[in-house]
Amino acid sequence: MIAGAGAVLAASPSMAGESTRIPAELPDGTRSIARFVNLPGKRRMLRLTGRPPNYAAPVNVFSDVITPNDRFFVRYHLDNVPSAAAMDGWSLSVSGDAVERPVQLKLSDLLDLSTHQVVSVCQCAGNRRGLIDPHVAGVQWTDGAMGCAVWRGPALKDVLNAAGVKKEAQEVWFEGADKPLMDGTPPFRKSLPMEKAMDPDTIVALTMNNAPLPLLNGYPARLIVPGWTGTYWMKHLTSIEVSTQKLNSFWMQTAYRVPAGLFPVDKPFRSQTNETTVPITELVVNALIAGPLEGDEVERSGFTITGVAWDRGAGISRVEVSLDGGANWRDALLAGSVGRYAYRRFSLQTGALRPGSYRLMCRAVSQTGEKQAERMKVNPGGYHNNVPGVVTVVVS
Ligand SMILES: Nc1nc2c(c(=O)[nH]1)N[C@H]1C(S)=C(S)[C@@H](COP(=O)(O)O)O[C@H]1N2
Ligand SMILES: [Mo]
């Protein structure tokens, strides 16, 4: 007889292990090149493209609410990631037609400002794009184009105030150190509306999980925009402009947009809105099973289903789990919150089960009553996929 906790451990040997799976739903072209690889400062990440570097975390990483730095996903649009050496003597310029006096801030200047901490999910808008059927163009992400970390640094508003913000300011524009290699490739530039830029939780992070930012996650400084998709989280931040104008960049006006009205938000980004499309901004509520893993054999005495749920910052009110592909749902147990923008861990103890195959699913509801979509809200970018996924396990 195996008793108590021992039975749970024995029931799901791979829960503590690593997912080695390259999802079958990915398009063939991606499956044939996708590999789990180590890279500087990272271990066992799923490489989807090498140039530019795009690496997803394996799903077992999300058994914890904090994603370790060496398992945090990597997303770049441009090929020439700056070297750590190139960041020696780094400084940040704050200028634009809506500041009183342009300033050039050194790292020591940022360290002189008061430090703010936020625990937040960074999720690519295209997370789980590769699992959409039919496939749409873009990096064919699994569910690992996200992570949650403890970020620390000065509030962006304090950085902007060092230059003095004029009342006519409309947007804040951002640029990083990675520049296009070829003429004609649009530089990666993004902007925020004043309200989000002045939010005390929007920070210029200098550390991630109490360590310097990994190079591939934006060393030495990156923007943290809690509740908003990763595209605004500018890495290797070098230039900030406070402007009376909207930013006309490819990455604001063409890419990262969704059909107007498809994904309701609390605070529209008005200066970047047109009649047909809006920039993708606030996250949608979502949840993911991190264990057991697809294809696992589990004990008939029962096992624990665990995972994380997250949303745009309202907080998670409920997670339900199904063992039968969505026919019946049970409430999962929610662990304590580590922050409104962070992952919230959930678990469900199945109890004894008959032999057979089980289709595990989970779905979350936010404090405002936002629910996950039952069917993909089709959009050209394949953004905001929060349709519950299925993990199939076998009880033998
Ligand atoms: N400088 C720079 N910052 C960037 C990007 C980029 O290509 N260059 N990509 C953005 C996008 S789309 C995402 S999803 C996040 C990913 O952050 P990560 O690579 O630290 O996981 O960074 C954002 N910041
Ligand atoms: Mo992204």
Side-chain angles (χ1 to χ4, degrees), residues 62 65-67 72-73 75 116-128 143 145-157 159-160 171-172 174 190-205 208-209 217-218 222-235 237 251-252 256-258 262-273 278-288 308-319 334 337-345 364-373 377 381 383-386:
F62 306 108
V65 289
I66 299 298
T67 312
F72 209 94
F73 83 110
R75 201 273 180 264
H116 190 69
Q117 170 174 307
V118 58
V119 187
S120 179
V121 171
C122 175
Q123 185 192 1
C124 184
N127 192 30
R128 305 179 71 216
D143 27 31
M146 60 172 195
C148 179
V150 181
W151 311 96
R152 300 191 103 223
L156 176 63
K157 69 175 171 56
V159 174
L160 301 184
E171 287 190 359
V172 184
F174 303 93
K190 299 293 295 188
S191 69
L192 289 176
M194 285 321 291
E195 195 181 1
K196 192 67 178 172
M198 300 305 272
D199 185 317
D201 284 330
T202 300
I203 67 175
V204 176
M208 174 175 173
N209 296 329
N217 299 110
R222 82 174 301 174
L223 200 64
I224 304 304
V225 191
W228 282 33
T229 55
T231 181
Y232 300 93
W233 297 46
M234 186 63 73
K235 300 191 279 189
L237 185 63
W251 302 103
M252 290 305 297
Y256 288 108
R257 299 185 70 90
V258 287
L262 190 59
F263 300 102
V265 295
D266 301 338
K267 292 177 181 169
F269 194 163
R270 295 198 196 281
S271 53
Q272 293 284 346
T273 295
V278 300
I280 189 165
T281 56
E282 298 169 16
L283 295 176
V284 292
V285 67
N286 218 331
L288 182 71
V308 289
W310 66 100
D311 81 319
R312 67 190 67 177
I316 296 297
S317 69
R318 183 179 192 186
V319 175
L334 290 180
S337 165
V338 299
R340 55 192 280 237
Y341 297 109
Y343 289 142
R344 185 88 183 261
R345 197 167 189 273
V365 183
S366 82
Q367 298 283 357
T368 56
E370 186 197 355
K371 294 188 166 111
Q372 292 181 232
K377 290 189 181 179
Y383 298 131
H384 276 337
N385 180 3
N386 66 344

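Taking all atoms of both residues into account, the shortest heavy-atom contact from A364 to Q372 is N-OE1, 2.7 Å. Closest heavy-atom contact between T202 and P226: CA-CD, 4.1 Å. In terms of heavy-atom proximity, I280 sits nearest to A125 at CD1-CB, 3.7 Å. Of all the heavy atoms in Q367 and A314, the pair that sits closest is CG-O, 3.2 Å. Pairing each heavy atom of C122 with each of W233, the nearest pair is CB-CZ3, 3.6 Å. Here the closest heavy-atom approach between residue L334 and residue R318 is recorded as CD1-N, 4.1 Å.
Atom CG of residue L160 and atom CE of residue M194 lie 6.0 Å apart, to the nearest 0.5 angstrom.
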Working for side-chain contact (heavy atoms from CB on, under 4.5 Å), residues V119 and I66:
CA-CA 9 Å; V119 187; I66 299 298; 3.8 Å; yes

Could you please spell out the steps behind the side-chain contact (heavy atoms from CB on, under 4.5 Å) verdict for F174 and L237?
CA-CA 7 Å; F174 303 93; L237 185 63; 3.8 Å; yes

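F269 places a side-chain heavy atom less than 4.5 Å from the side chain of P193. Side-chain contact check for R340 versus D201: some heavy-atom pair is nearer than 4.5 Å. Inter-residue side-chain proximity for V278 and Q272 is flagged as unmet; no heavy-atom pair is nearer than 4.5 Å. Counting heavy atoms from C-beta on, the side chains of N286 and W310 come closer than 4.5 Å. Between T368 and V285 there is no side-chain heavy-atom pair separated by less than 4.5 Å. Counting only heavy atoms from C-beta outward, the side chains of M208 and R222 never approach each other to under 4.5 Å.
Between the side chain of N217 and the main chain of F73, a donor-acceptor pair closer than 3.5 Å is present. In terms of modelled atom types and a separation under 3.5 Å, the side chain of R128 and the main chain of N385 share a donor-acceptor contact. Between the K235 side chain and the R75 main chain, a donor and an acceptor come within less than 3.5 Å of each other. A donor-acceptor pair under 3.5 Å is absent between the side-chain atoms of Q123 and the main chain of L283, judged by distance alone.
Applying the ring pair (Phe, Tyr, Trp, His ring centres under 6.0 Å) test to F263 and every residue at least two apart in sequence or in another chain returns H384. For Y232, the ring pair (Phe, Tyr, Trp, His ring centres under 6.0 Å) partners are W228, not counting sequence neighbours.
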Taking distance alone, no hydrogens or angles, what donor-acceptor pairs closer than 3.5 Å link side-chain atoms of residues 145-157 to residues at least two apart or in another chain?
| residue | atom | partner | partner atom | Å |
| --- | --- | --- | --- | --- |
| W151 | NE1 | S120 | O | 3.1 |
| W151 | NE1 | A149 | O | 3.3 |
| R152 | NE | Q117 | OE1 | 3.0 |

